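Let me begin by presenting the structure, written as structure tokens, before commenting on it.
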2 protein chains.
Amino acid sequence: MHPLRAYIHRFVPLTEDEWAPLAAGLRMHQLGRKQEFVTQGQAAPELALVLAGACRLYYTRPDGEERTTYFFFENHLMGSYQSCLTGQPSQFSIQALVPTELVTFPYALLRRLFDEYPVYERFGRLLAEYHLLGTDARLTELLLLSPEQRYHALLRSHKTKILERIPQQYVASYLGVTPVSLSRIRARLLSNDAGPM
Amino acid sequence: MHPLRAYIHRFVPLTEDEWAPLAAGLRMHQLGRKQEFVTQGQAAPELALVLAGACRLYYTRPDGEERTTYFFFENHLMGSYQSCLTGQPSQFSIQALVPTELVTFPYALLRRLFDEYPVYERFGRLLAEYHLLGTDARLTELLLLSPEQRYHALLRSHKTKILERIPQQYVASYLGVTPVSLSRIRARLLSNDAGPM
DNA sequence: CGGATTTCTTAGCGTTTGTTAACGAATTGC
DNA sequence: GCAATTCGTTAACAAACGCTAAGAAATCCG
């Protein structure tokens, strides 16, 4: 089964007839390291399923500093929800951290499928609900836990890919702290674990 | 037009026939000050539209401390998305800050309408997307701005109801700082505005 | 209206974080 | 493979925050 069809299948089943129009709009796309799929300030009317590789979502602040807030790996659907829905320029960029392979399609195509096939409308609802639950959990964690507790929570979570494959400075940003601070948090941990005696 | 129908109408139009089954499932509900609509640890299978009053959404931590993360006012739809979608106990409580009037209905009814009327399915998608954009913006603000900057952003925003009608300790929690800290931030502001000469 | 509760502010102290800078290690890319 | 870049850690200092406590102000409610 096509990876995108498999992705959708986790939410709703698609018949051949339902899958065909989406399949017809797909395009393969490769990104080199540091190449961008979405660029801050530009409209981003395409969605992409990551086939292989890893990307980061980041904001460039007025002072030029970058803040990374999310990561995408294999079988993650990525894009600027905000830009696709509103048509406005994207407020963030998405950049490949390593050479990355994508299947892309225009959001406009998905919107047309929402109108034509009830099963896609349902997929759209379930997808938005799924992301809403994830974003809510993340928001709650930021409001409820300290930076150190957030790092512990990440260690205990199943998001091991983030810790294994992402440079620590970006993980720090994801946790809402500076790289220096995360380094200190880790140092505190080690001196406690392998502490006196 | 019924307030709930007007709420839905901001997303999709409803015919009389489509509105009728939802209208049949509605119940009026009053909350006294500090009374809870959703209780942490219990299933919360109902949604509610606030007709008048104000509520806060808060988490009670293991140590007994409360953290308020959201507010609801007139014409806000509230409930535990997570509990409704998963059937699990709610991870937070929702409590009236002042005497509050609600119209409530079971989420199960909405789920049935998703199946029976495409217009409700679309409403469900648009509603989830709308909330996702809001939650994403909030998450971004927490990751990009300092506590002081977040307070400034709230001052400049159109969420004036929060500042006008919510006790400051809860606003502090919403911003991700302690009440003492918010008080200091405000004091710093005043001494800068009306500073030396 | 008036006592009781809740809320906001201020202060002092300890801890954590942010910032800048420097150094060594690891990775990248030609 | 080697030069160049990126990355992680540590240090030192200043600033901000969390915590506790106490008093003043505002609000609630009988």
Side-chain angles (χ1 to χ4, degrees), chain A residues 30-35 53-54 56 58 61 63-68 71 95-100 142-152 154-155 162-194, chain B residues 31-35 53-54 56 58 61-68 71 95-100 142-152 154-155 162-194:
Chain A
Q30 274 102 37
L31 294 176
R33 184 177 138 82
K34 300 208 174 182
Q35 196 179 341
R56 72 180 177 112
Y58 66 99
R61 303 197 306 180
D63 63 5
E65 289 291 305
E66 294 179 356
R67 292 295 162 87
T68 299
F71 305 108
Q95 180 194 61
L97 290 166
V98 295
T100 295
L142 277 172
L143 285 170
L144 260 54
L145 303 183
S146 69
E148 180 162 348
Q149 288 173 320
R150 296 202 289 272
Y151 177 66
H152 282 82
L154 182 60
L155 282 178
I162 290 180
L163 291 164
E164 288 165 8
R165 294 169 53 180
I166 301 293
Q168 191 171 305
Q169 57 171 321
Y170 298 138
V171 177
S173 198
Y174 174 84
L175 292 171
V177 296
T178 61
V180 177
S181 195
L182 178 55
S183 197
R184 279 187 295 223
I185 288 170
R186 286 163 51 87
R188 281 203 298 271
L189 259 190
L190 290 176
S191 69
N192 287 346
D193 281 1
Chain B
L31 294 176
R33 186 176 136 84
K34 299 209 173 181
Q35 196 178 340
R56 71 182 178 112
Y58 66 99
R61 303 197 306 182
D63 62 6
E65 288 291 304
E66 294 178 356
R67 293 293 162 90
T68 298
F71 304 107
Q95 179 193 63
L97 290 167
V98 295
T100 295
L142 277 172
L143 286 170
L144 259 53
L145 303 183
S146 68
E148 180 161 347
Q149 289 173 319
R150 295 201 290 274
Y151 177 66
H152 281 81
L154 182 60
L155 282 177
I162 290 180
L163 290 165
E164 287 165 8
R165 294 168 53 179
I166 302 293
Q168 192 171 304
Q169 58 172 318
Y170 298 138
V171 177
S173 199
Y174 173 84
L175 291 171
V177 297
T178 61
V180 177
S181 195
L182 178 55
S183 197
R184 277 186 297 222
I185 288 171
R186 285 162 50 87
R188 279 204 298 272
L189 259 190
L190 290 177
S191 70
N192 288 346
D193 281 2

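Lettering of chains follows the sequences in order, A, B, ..., and the numbering in each one begins at 1. Not measured: the values here are computed from a predicted model.
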Practice problem: Using atom types as modelled and distance alone, determine if a side-chain donor or acceptor of A:R67 lies under 3.5 Å from a backbone N or O of A:S173. | Solution: no

Quiz item: Could you give the CZ-to-C1' distance, from B:R56 to C:dT7, as a whole number of Å?
Solution: 13 Å

Quiz item: Is B:Q95 reaching over with its side chain to a backbone N or O of B:R56, donor-acceptor style, under 3.5 angstrom?
Solution: no

Quiz item: Side chain of B:T100, backbone of B:V98: donor and acceptor closer than 3.5 Å?
Solution: yes

Quiz item: Which letter, B, S or -, goes with each nucleotide of nucleotides 12-20 of chain D from 5' to 3', with contact meaning a protein heavy atom under 4.0 Å?
Solution: B----BBBB

Quiz item: Do side-chain atoms of A:R165 reach the backbone of A:G53 as a donor and acceptor pair under 3.5 angstrom?
Solution: yes

Exercise. Provide, to the nearest angstrom, the distance between the CZ atom belonging to B:R186 and the P atom belonging to C:dT7.
Key: 15 Å

Exercise. Mind calculating the distance between CD (B:Q35) and C1' (D:dC28) to the nearest angstrom?
Key: 17 Å

Exercise. Mind running side-chain contact (heavy atoms from CB on, under 4.5 Å) on B:Y170 and B:L97 for me, showing each step along the way?
Key: CA-CA 10 Å; B:Y170 298 138; B:L97 290 167; 3.5 Å; yes

Quiz item: Within less than 4.0 Å of OP1 or OP2 of C:dT9, is there a side-chain N or O belonging to B:Q168?
Solution: yes

Exercise. Please answer whether the main-chain N or O of B:Y174 pairs with a side-chain N or O of B:T68 as donor and acceptor at a distance below 3.5 Å.
Key: no

Practice problem: Measure from OH on A:Y170 to P on C:dT27 and round the result to the nearest Å. | Solution: 15 Å

Practice problem: To the nearest Å, give me how far apart CZ (B:R33) and C1' (C:dA4) are. | Solution: 13 Å

Practice problem: Rounded to the nearest angstrom, tell me the gap between atom CZ in B:R165 and atom P in C:dT7. | Solution: 17 Å

Exercise. Nearest whole angstrom, please: distance from the C1' of D:dA25 to the CD of B:Q169.
Key: 14 Å

Quiz item: What's the CD1-C1' distance between B:I166 and C:dT7, to the nearest Å?
Solution: 14 Å

